[in-house]
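All remarks here apply to the structure that follows.
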Amino acid sequence: MDRIKVKLALQAEPTGQEIESRGWVRTKRESKQGFGFLELNDGSCLSNLQIVVDASVVPDGEALLKQITTGTSIGVQGKLVASPAKGQKVELQATRIWIYGLADGKTYPLQKKGHSFEFLREIAHLRPRTNSFGAMARVRNALCAAIHEFFQSRGFLYIHTPIITTSDCEGAGQMFRVTTLDVAKLPRVARSNSPLPPGEGASADDIDWSQDFFGKPASLTVSGQLEVETFACATGDCYTFGPTFRAENSNTARHLAEFWMVEPEMPFFELVDNMGLAETFIRTILQQVLDRCAEDMAFFNERIDKTVLATLRNIIDHDFIRLPYTEAITILESCGQAFEFPVKWGIDLQSEHERFLTEQHFKQPVILFDYPRTLKPFYMWCNDDGKTVRAMDVLVPRVGEIIGGSQREDRYDVLVERLKECHLNPDDYWWYLDLRRYGSVPHAGFGLGLERALLLLTGMANIRDVIAFPRTPKNADF
Ligand code: 4AD
Ligand code: MG
């Protein structure tokens, strides 16, 4: 008999048809001698399939019921019938049951009671078996599919940009070094005045990188933007979508050392076009997930955060506010709110400022734009005022910054000056500058952090709980 997934079994009309299902037992209830109920889950949906076990019908029924505990993997054949219990249309009256793997009730950590997210992080290999993480995995999957569909349906090319790179896109120096050198004996450039014997107290400047695998310092990418610009300026609208890495030592509930980012890049786009696309993008993908994951989303609203669905509805149904950075500063200065970090023109907005604007002042998403140039990376278009660049950040309630983007500087001379201003060597960016030497066009793009979007969607409070295996400072165990 072919295996039917629980999701399909639950949707089927109960006509007494014979079916077979397989999965993991969530709970067992024995009502009287030789009679029991199993809740079977196979991850295809949140709900379980109720299995009714009558030991006088199922061969070895009594012995099987004894052996089966929470976590046991089983196969069941039986008749799909209407269920008398409320809250479920169907149940499976078992005629045959077999065990794939037992789960010792004395040691299996996921017993029926609810577990804290902190505890579940310590058993990241088993937490996919919980309701929350099953739902998270399905929502994450639906979100990725919605992202691809959004761009594919608009004719964007999906470009794979490199994970290993020798340029620092965000210019913040928060990169993980990739090397095959034996760090215990890093080769030194010969220096007559070096006070240290080889292998001790190395500084990056002392190391002879020509002996390394790539012949120069290489790192894990912080963003695929620079590389994807080469395609935007050739084959047109495109996006890159993959893992990105940041060695920020920020141990917050909103930062990961390894996160996924989708970065569209569009030629003949200026900042206003970029804002428009970002807004349509967010609303479209949120709506898609609501449509496709109704059961999981209802679970998050019920069990994780009761405001999730209302917040999403509000975002989807209303225009985003567009506000220049300078006006945001005026609002923050005159709002009468006491902030931990004092506000004045030129500061990098902190999470508390961003959340005040989007959660309390406007109560809807805000796109802040035209930031001070001192705060932003070298590649952003310099405004005529000499003070600001065409940057944009999309801020949403509960999360703060969910998207960062900009119009790119497409004027060769201005870009060379900007690189120098940012203490970067234009020679290192020769290929990026070439895009401005040959057939330069206005272009723009943005990056959406997948896990930030999932915080918004699921109501989860900690970013470590919206990715299967979170990487954070001092944590990459498994
Ligand atoms: O604002 P960011 O640094 O922008 C860029 O990387 C640009 N190159 C994007 C572009 O224009 N193509 O990062 C973009 C988004 C942030 O808004 C945030 O959602 C997410 O990436 N992000 C992080 N998410 C989790 N952990 C971190 N450490 C993150 N850093 C950024
Ligand atoms: Mg940013």
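The chain is numbered in sequence order, starting from 1. Atoms considered below: every heavy atom in the structure, side chains included; atoms not considered: hydrogens, waters and symmetry mates. Read the numbers this way: they start at 1 and go in the same order the structure lists the ligands and their atoms. Remember, it's a predicted structure, so these values are computed and weren't measured experimentally.
- The distance from ligand 1 to the heavy atoms of Ile402 drops below 4.0 Å at these ligand atoms: 17 (O), 19 (O).
- Salt-bridge check for Arg411 with Glu417: failed, with every basic side-chain N at 4.0 Å or more from each acidic carboxylate O.
- Near Gly447, the atoms of ligand 1 lying under 4.0 angstrom from a non-hydrogen atom of the residue are 9 (C), 10 (C), 11 (O), 12 (N), 14 (C), 15 (C).
- Taking the six-membered ring for Trp and the full ring otherwise, Phe356 and Phe339 have centroids separated by under 6.0 Å.
- Dense packing is recorded around CZ of Phe117, with more than 12 heavy atoms of other residues, nucleotides or ligands lying under 6.0 Å away.
- Taking each of Phe245, Trp260, Phe259 in turn, the one with a heavy atom nearest to atom 24 (N) of ligand 1 proves to be Phe259.
- Distances from ligand 1 to the non-hydrogen atoms of Arg254 include at least one value under 4.0 Å.
- Arg22 and Asp42 are not joined by a salt bridge, as no carboxylate oxygen comes within less than 4.0 angstrom of a charged side-chain nitrogen.
- In this pair, Phe281 and Phe446 present their aromatic rings tilted. The plane angle is within the 30 to 60° band.
- Ligand-side atoms of ligand 1 in range of Gly405: 11 (O), range being under 4.0 angstrom from any heavy atom.
- Close approach of ligand 1 to Gly404 is summarised as follows: ligand atoms under 4.0 Å from at least one heavy atom of the residue are 1 (O), 9 (C), 10 (C), 11 (O), 17 (O).
- Here the protein heavy atom with the shortest distance to atom 17 (O) of ligand 1 is Glu401 OE2, 2.6 Å.
- Some N or O of Leu256 is nearer than 3.5 Å to an N or O of ligand 1, by distance alone.
- At a heavy-atom cutoff of 4.0 Å, ligand 1 is contacted by the side chain of Arg408 but not by its backbone.
- Of all protein heavy atoms, the one lying nearest to atom 14 (C) of ligand 1 is Met261 SD, 3.4 Å.
- Looking only at protein heavy atoms, the nearest one to atom 5 (C) of ligand 1 is Glu170 OE2, 3.4 Å.
- At most 12 heavy atoms of other shown residues, nucleotides or ligands fall within 6.0 angstrom of atom CZ in Arg303.
- A salt bridge links Arg283 and Asp319; the closest N-O separation between the charged side-chain nitrogens and carboxylate oxygens is under 4.0 Å.
- Using a 4.0 Å cut-off between heavy atoms, Ile403 contacts ligand 1 through its backbone alone, with no side-chain atom that close.
- Around the Mg ion (ligand 2), the protein contributes the following N, O or S atoms at distances under 2.8 Å: Glu401 OE2.
- In this structure, atom 28 (N) of ligand 1 lies nearest to the protein heavy atom Glu248 OE1, 2.8 Å.
- If you check each of Glu263, His255, Arg246 against atom 13 (O) of ligand 1, the one with the closest non-hydrogen atom is Arg246.
- Listed by chain and number, the residues in a salt bridge (Lys or Arg N to Asp or Glu O under 4.0 Å) with Glu263 amount to none (sequence neighbours excluded).
- When ring centroids are compared, Phe378 and Tyr429 come within the 6.0 Å threshold.
- Note on ring orientation: taking the six-membered ring where Trp is involved, the planes of Tyr239 and Tyr158 are parallel (angle under 30°, cut-offs 30° and 60°).
- Regarding atom 18 (C) of ligand 1, its nearest protein heavy-atom neighbour is Arg452 NH1, 3.5 Å.
- Distance check: Glu279 CD to Ile403 CD1 gives 10.0 Å after rounding to the nearest 0.5 Å.
- If you look at Phe214 and Trp209, their ring centroids are not closer than 6.0 Å.
- The Tyr379 neighbourhood of ligand 1 comprises atoms 7 (C), 8 (N), with distances under 4.0 Å to a heavy atom of that residue.
- In this structure, a donor-acceptor pair under 3.5 Å is absent between the side chains of Ser406 and Trp381.
- Every heavy atom of Glu451 sits 4.0 Å or more from the atoms of ligand 1.
- Between Arg254 and Glu451 no salt bridge is recorded (no basic side-chain N to carboxylate O distance below 4.0 Å).
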